[in-house]
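Below is one structure, written out as structure tokens; comments come after it.
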Amino acid sequence: MAKLPQEELHLNLIEKCPEDKIDGLLHYSVDSLCRSCHPDYSKYSAIWTLEEWFNVLDSLKKILIFFAKSDLSKSEVSDALSPLPEQIIAKIFDCLTVRRSDLHAALLQQTMSISEAYLKDFDWKIKYALASDKISCVEEPLVTLSLTVSEEGCKKTIPVEMNAEELKSLITSLEAANKAVLQLKS
Amino acid sequence: MEEVDKIIIHTCRQIGCDLDEDVFSLKEFSTALVIEAVVRCLRVIDPSINLAHQLPPGMSARYRLGTDLANACVNLGWRGEIGYQTFLYSNDADIRRILMFLIEKLPKETATSTSEPLGKIALLKRRISSELSQRLNQPWLPPVCKKRGIRWTSSENWQREGTIASHCYHSEYLTIPEGLGDFSREIGEDVKEYYMRHLQPVNLQPTHSKYTAPSLMERNADRLTTAQEWETEWNTLGLQSRLSEKDYRARKADRLQKRISSQIQESLKQSESSSSAVSDLLQVIGASSEQRDKGKGSRFTHTEKLQFAKDDDKLASEMAIGEGPKVSSEEEIRQQQEDEVNALRDQLQELTTQVEKMEIDMKKFKAGMTEMEENQKQVEAQNVESQEMYKVKKKTMDLLPDADNNIAQLQAVVDASTQRLQSLHQQWEEHRTPLIEEYEKLQKETENQVDESQKKVEDIRALREKMKEVAEETKGKEEIHKQLVEDYKKMTRDLNRSAYTRRIMEIVGNIRKQKEDIEKVLIETKGLQKEINQASGKLSRTFTATDELIFKDAKKDESVRKAYKLLASLHESFDEVIKMVEDTGSIVREIRDLEDQVDKELTKKTGANLEKISSDLKQMKTENHGLVAKVKGK
């Protein structure tokens, strides 16, 4: 277990935060890890300048990730974050215990994105092609799968159009893959 | 009879006859209506029949039409008596019979199941065409009038036009409080505070409100699939392993972690072993690559790393020397690089073969070492043995001088030891048997428990399967119920089928009662007939008997002859009486039949028809005269 690099964290900046706002800020940071939404600077503009704000957010994220990976007790957490005052350390520990499952989910997401391309979302549409420019009566049901794939950090949408048999073969191959995964898990 | 008429009238209306609203029975059918109904039926049955369904004015035309209709009915299979008179001069019963016959012959509506799947596609197409035509008829609306592309066609119908409100499906992670409905479980204070103060509602959590729906759907699908997978896994493997849920999950997590870690280590080792020889060079590259990158440019994008490294190495060594020989042209540089590559490759080859050789030597030495160790152990064991033997022999040697005494002593010692052995053996046996019994008892108990628990596991599994089956059955039956309710609503309800079925059942009951009565009467009649036969037989026998008796005495005595004559006359008169009675009976029957016939004929309206016929005949005659006069006149 690597040690928390205290020099990179701007613990002096974190100390400046008043007590009543620190837990809101911590929960915002956890949310930004899980969901990539950003906390609102306007509420904290009195305490930090914009540059300090970004540093504070980065260091809070690093702290939370570091402690989420390992299951430490309160004393160990306070040892690792020793320059910070007691109340702030207590709030950080509370936030860790309450949001443990969310942090785990965020770390799992990060680990899953190690592979080269992975599927984030998919959407399907069913269409009924009545006619085309060459044939007047086609009347074929088609399905359009749009797969949102995240490849090296950027999202791509891949549309796939299939008719009934191709869809069936896709489903059978996916079922085979699922069976293989279940066998690996068991 | 009214129901029959109602059905006939209803069917006639359905095929298109123009009947008045208050026509309720066949008595009110005029000749024109009759002919119209018959012609329409015939047309529906056989579209090739091309008869007019209006009654033509001329008598001969009417005659022809009547005969055509009669022929058509005969062609369809009507077996009774039919002719033009049945249509032109009709009576109720005949008309009813003919119309019933024709209506039965009408082609039935084929609502078979084979048209069902086609029916769905046809329905879909019809709906598509109606929807498209409706939309094409509507005027265009600019997008500002349609909020998010939705346009209302009526107060309940709306349609979406354009793609202005579409967005891609993007789901995000949501936090939803759990376990709040379960009051038996305790939730910590800090968790509650988080839920109350900091956790936002679900529709505010994603980055944009349009992503709430996809995120919720993903979350639910995810949980559903995990629950289903866990369900199947628990049912198949979990119950078998007989651990509690927690233990099973812990064990599975351990197993998976071990597997993952072993896989990662293996792949690491593989990658390490393949790059061990090149790693040194790579380190050199790492140190000096930053300078080189900008200098050489695209020429090196396709060369191997080794080439790159080789060039770096060479230039590094050259810089160390202090002078850099100016490389004049590209080809010389390339040639040099290639030579260096080959030299390095040969070196690599040599080093690897050396390494392999040394590894083989190491193995040989290790094997030799193990062999030596084994030998050593063997020798030591032999050593120990021979030492023991030596000690024993030495002791016997010592004891030899005082041989007899020592032998006696030794004998005593041996006896004592054998006795001790026996006693120990007995004690051991005593101890052993109860322990063995206990062991067997405990084994049986465990086996029973194992059997029982297996049975229970199987029972549990069977119960779960039954539960699933029952749930599926109820779902299927609910769907069928819904479908049937819809079908029932869709069906037309202008004919009251339940009334008809009730009447039919009543009629069937009546018929059954009548049948019983008839049978009773038949039995009575048979009995009476038998009695009559018996009586007449008795009569004739007694007569012949008395006849003979008296005849024997008749020759002798006058009074006996008189008695014989009286007897004969008596027999004749009574015979006549019997005949009279029989005749009266038959005449009464004939009277009844004739009365029935009279009633039938009365219903045929023959008087009115005769008048009609005579008037029509007169008309025909006049027409004929007219036609003849015309022909002659020409």
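Here the structure is a predicted model, which is why all the values come from computation and not from measurement. To find a chain, count down the sequence lines: A is the first, B the second, and so on, and within it residues start at 1.
Residue B:L199: no heavy atom, backbone or side chain, is found under 4.5 Å from chain A. When heavy atoms are compared at a cutoff of 4.5 Å, A:L130 approaches chain B solely by way of its side chain, counted from C-beta outward. Using a 4.5 Å cut-off between heavy atoms, A:Q109 does not touch chain B at all. Neither the backbone nor the side chain of A:Y28 has a heavy atom closer than 4.5 Å to any heavy atom of chain B.
Using a 4.5 Å cut-off between non-hydrogen atoms, the part of residues 168-176 of chain B that approaches chain A consists of B:Y169, B:H170, B:S171, B:E172, B:Y173, B:L174, B:T175. Using a 4.5 Å cut-off between non-hydrogen atoms, the part of residues 86-102 of chain A that approaches chain B consists of A:D94, A:T97, A:V98, A:R99, A:S101, A:D102.
For A:I135, the CD1 atom counts as loosely surrounded, since its 6.0 Å shell holds 12 or fewer non-hydrogen atoms of other residues, nucleotides or ligands. In the displayed structure, B:L132 atom CG is contacted under 6.0 Å by more than 12 heavy atoms of other residues, nucleotides or ligands. Within a 6.0 Å sphere centred on CZ of B:R255, other residues, nucleotides and ligands contribute more than 12 heavy atoms. For A:W124, the CH2 atom sits in a loose shell: 12 or fewer heavy atoms of surrounding residues, nucleotides or ligands are nearer than 6.0 Å.
A donor-acceptor pair is defined here as one N or O able to donate and one able to accept, closer than 3.5 Å; no such pair exists between the side chain of B:R197 and the backbone of A:G24.
Inter-residue side-chain proximity for A:R35 and B:T207 is flagged as unmet; no heavy-atom pair is nearer than 4.5 Å.
With rounding to the nearest 0.5 angstrom, the CD atom of A:E139 is 8.5 Å from the CG atom of B:L124. Between the OG1 atom in B:T232 and the CG atom in A:L182 there is a gap of 7.0 Å [rounded to 0.5 Å]. Taken from CE in B:M217 to CG in A:D121, the straight-line distance is 10.0 Å, to the nearest 0.5 Å. Distance SG/A:C137 to NZ/B:K125: 5.5 Å, rounded to 0.5 Å.
Ranked by heavy-atom pairs shorter than 4.5 Å toward chain A, the options B:K252, B:Q200, B:R259, B:E229 are led by B:R259.
Annotation: salt bridge (Lys or Arg N to Asp or Glu O under 4.0 Å) contacts of A:E151 (sequence neighbours excluded): A:K156. Residues satisfying the salt bridge (Lys or Arg N to Asp or Glu O under 4.0 Å) test with B:R151, not counting sequence neighbours, are B:E161.
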